[in-house]
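Take a look at the structure set out below.
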Amino acid sequence: WSAVRKFCEEHIAVQTEIVLRPGLPMHEYDAARGEIIAYRAVLALSAPMNVEPAGDYSKRKDRSGI
């Protein structure tokens, strides 16, 4: 996972430089922003998920799923 994180962080830095560079066509800025979002989404996969533990559903306050 460290190799993936390093790869994503390096590419985020490159794409950020493109976004900050003046004089490029608008579609290049949009593509760079999209790639930054995609790399950040990959990095977010390592974050722990908020999962509700299984248990007594009668004590839940949120009854929308029942």
Side-chain angles (χ1 to χ4, degrees):
W1 182 252
S2 63
V4 172
R5 183 177 325 139
K6 182 180 177 184
F7 178 85
C8 289
E9 289 172 352
E10 288 173 357
H11 282 78
I12 287 172
V14 169
Q15 297 305 319
T16 301
E17 289 177 16
I18 291 172
V19 170
L20 296 176
R21 190 178 309 152
L24 295 176
M26 200 56 141
H27 70 276
E28 289 189 31
Y29 293 121
D30 292 338
R33 283 189 212 102
E35 288 190 32
I36 291 170
I37 292 168
Y39 289 126
R40 287 184 179 165
V42 170
L43 291 175
L45 294 173
S46 69
M49 295 177 62
N50 293 333
V51 178
E52 186 174 324
D56 186 6
Y57 291 105
S58 64
K59 295 181 181 178
R60 292 177 55 189
K61 295 183 193 248
D62 177 22
R63 308 287 291 175
S64 63
I66 297 176

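In this chain, residues are counted from 1 in sequence order. Predicted, not measured: the structure shown is a model, and the values here were computed from it.
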Please enumerate all residues that pass side-chain contact (heavy atoms from CB on, under 4.5 Å) together with Glu10, with sequence neighbours excluded.
Lys6

So, taking the atom named OG1 in Thr16 and the one named CD in Glu35, what distance separates them when rounded to the nearest 0.5 Å?
11.0 Å

Give the cluster check for Leu45 versus Val4: same hydrophobic cluster or not, with ILVMFWY residues linked at side-chain heavy-atom distances below 4.5 Å.
yes

Show the nearest heavy-atom pair for residues Ile12 and Tyr39, with the distance to one decimal.
CG1-CB, 3.5 Å

Would you say Leu20 ends up clustered with Ile18 if hydrophobic residues are merged whenever their side chains have heavy atoms under 4.5 Å apart, either directly or through other cluster members?
no

Hey, mind stepping through Leu43 and Glu9 against side chain to side chain contact (heavy atoms under 4.5 Å, CB included) and telling me if it holds?
CA-CA 9 Å; Leu43 291 175; Glu9 289 172 352; 4.3 Å; yes

For atom CZ of Arg33, is the number of surrounding heavy atoms from other residues, nucleotides or ligands below 6.0 Å larger than 12?
yes

Same cluster (ILVMFWY, side-chain, under 4.5 Å), Val19 and Ile37
no

